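Inspection log for the structure reproduced underneath, given as structure tokens.
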Amino acid sequence: MAETKYWLFKSEPSAYSFDDLLNEPEQTAEWDGVRNYQARNFMRDDMRVGDRVLFYHSSAKPTAVVGTARIVREAYPDATAWDPGDKHYDPKSSPGETVWMVVEIRGERRLPNPVTLAAVKANPKLKDMLLIRKGQRLSIQPVTREEYEEILAMGEL
DNA sequence: GCCAACGTTGGC
DNA sequence: GCCAACGTTGGC
């Protein structure tokens, strides 16, 4: 059996929040609109059902990890890429020649105590997280098991 | 609203 | 293949 992996997904809550995810049927949503090759490669090549996800609110007050989720469906083509009316339309992609992919995630649990970016930066155990690396903008990032568990511990009161 | 950092595009 | 210009991300 493949080893469980750990991820951090960023979302601007004004566009799509953790509450939005929890309000979906089955708390499950397609993670579409990703238009970055590195993030796509993580989804396409590395994510497996059961992998754990930290859900992070960017451009929010405060910016924080607010909940957990799981990968519930592995990568398949992102149909929003060939919808001319979609915000993330990309003419490079077509049903015959897929460029962009999605996975599905299921919202799991809201953290009682959201772990703010400031709290992450203040914790020496988390000093290597990509999230706090200068200039790091990836919307999907790998996280180590240790980092994931530290965030969860901080997320309890 | 500003702007640094980064990825992508396109001219050459 | 280089690199300047441009668009986007995201913290502040």
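Remember, it's a predicted structure, so these values are computed and weren't measured experimentally. Each chain gets a letter, A, B and so on, in the order the sequences are listed, and its residues count up from 1.
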If the plane angle is over 60° it's perpendicular, under 30° parallel, otherwise tilted; pick one for Tyr16(A) and Trp31(A). perpendicular
Could you check, using the six-membered ring where one of them is a Trp, whether Tyr56(A) and Trp7(A) have ring centers closer than 6.0 angstrom? no
Mind calculating the distance between CZ (Arg133(A)) and C1' (dC6(B)) to the nearest angstrom? 14 Å
Is there a side-chain contact between Lys10(A) and the phosphate of dT9(C), meaning an N or O under 4.0 Å from OP1 or OP2? no
Check the phosphate of dA4(B) against Lys134(A), side-chain N and O only, distance under 4.0 Å to OP1 or OP2. Yes or no? no
Candidate pair Tyr6(A) and Arg52(A), rule side-chain hydrogen bond (donor to acceptor under 3.5 Å, both in side chains), full reasoning: CA-CA 5 Å; Tyr6(A) 301 83; Arg52(A) 314 260 184 163; 5.3 Å; no
Can you measure Trp100(A) atom CH2 to dG7(B) atom P for me and round it to whole angstrom units? 13 Å
Interatomic distance where CG belongs to Leu138(A) and C1' belongs to dG7(B) [whole Å]: 10 Å
Find the distance Lys92(A):NZ to dT8(B):P and express it as a whole number of Å. 8 Å
May I ask you to evaluate whether Tyr56(A) reaches the phosphate of dT9(C), defined as a side-chain N or O under 4.0 Å from OP1 or OP2? no
Is Lys121(A) touching bases, backbone alone, or none of the nucleic acid, heavy atoms closer than 4.0 Å? sugar-phosphate
Would the distance check show the side chain of Asp83(A) and the main-chain N or O of Tyr89(A) forming a donor-acceptor pair, the cut-off being under 3.5 Å? no
Rounding to an integer number of Å, can you tell me how far Arg35(A) CZ sits from dT8(C) P? 13 Å
Return the value, rounded to whole Å, for the distance between atom CG of Leu130(A) and atom C1' of dT9(C). 16 Å
